[in-house]
Amino acid sequence: MKEIKIESIFHVYESFEELSSEIKTLMQTAIEARKKAYSPYSKFKVGAALLLDNGEIVIGNNQENASYPSGLCAERTAIYYAGAKYPKATILRLAISAASENRKTTRPIPPCGACRQAIAEYEVKQETPIEIYFMGEEGKVIRSNSLANLLPLIFDKSVL
Ligand code: THU
């Protein structure tokens, strides 16, 4: 038996203001998408914005359902929308912002495990890392240079 160590590196920005103007634009688009989330049950709103290599920005937000498991997260709504509309495009970046209606969300909110798996599918398919930025409503922003960084020991098509 031996131990393996898997390292993940993240970059932390003190606030939205520290982002470059290009990333601010993408994050602002995610924030606008977040405000339009349909989340009457959790009162937790998430917005996502994807920048594609064709210059298009594709958005998504969480869509909830009275039958709770039928709802979908913002990140998957966005990435499936991008996959449906621009199947040949490469996804360069993803910005995510989350906010609760009950209290101020000041910590960066990462994508859930199911969304990580969904994003991983596209990163593997396009053979190019997807840069991911995530934040709450305000406060620090975290950057991951690749989805792989958020999902060690990935399950992908290479095992099938
Ligand atoms: N949610 C997202 O949109 N993305 C995530 O990565 C985590 C959770 C949504 C799902 C649900 O509508 C609400 O946030 C509370 O879990």
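The figures that follow rest on heavy atoms only: side chains count, while hydrogens, waters and symmetry mates do not. In each ligand, atom 1 is the first atom listed, and ligand 1 is the first ligand listed.
Residue contacts with ligand 1, taken as heavy atom pairs separated by less than 4.0 Å, do not involve S39 at all.
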Please determine whether side-chain contact (heavy atoms from CB on, under 4.5 Å) holds for the pair I109 and F134, giving the CA-CA distance in whole Å, both sets of side-chain angles, and the decisive distance to 0.1 Å.
CA-CA 6 Å; I109 306 297; F134 52 92; 5.6 Å; no

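One N or O on the side chain of Q117 and one on the backbone of F155 form a donor-acceptor pair closer than 3.5 Å. Of the possible donor and acceptor atoms, none in the side chain of K43 sits under 3.5 Å from a partner among the backbone N and O of E101. Listed for the Q126 side chain is a donor-acceptor partner under 3.5 Å among the backbone atoms of I91.
For atom 4 (N) of ligand 1, the choice among R76, E75, K43, E64 with the nearest heavy atom turns out to be E75.
Using a 4.0 Å cut-off to heavy atoms of V46, the atoms of ligand 1 that qualify are 1 (N), 2 (C), 3 (O), 14 (O). Annotation for ligand 1: atoms under 4.0 Å from non-hydrogen atoms of A74 are 2 (C), 3 (O).
When only interatomic distances are considered, the shortest N/O to N/O separation between C112 and ligand 1 falls below 3.5 Å.
The nearest protein atom to atom 9 (C) of ligand 1, hydrogens excluded, is given as N62 ND2, 3.5 Å; this is a heavy-atom distance. Looking only at protein heavy atoms, the nearest one to atom 8 (C) of ligand 1 is C73 SG, 3.8 Å.
Per-atom contact check: atom 16 (O) of ligand 1 does not touch the protein, criterion being a heavy-atom distance below 4.0 Å.
For Y81, the OH atom counts as loosely surrounded, since its 6.0 Å shell holds 12 or fewer non-hydrogen atoms of other residues, nucleotides or ligands.
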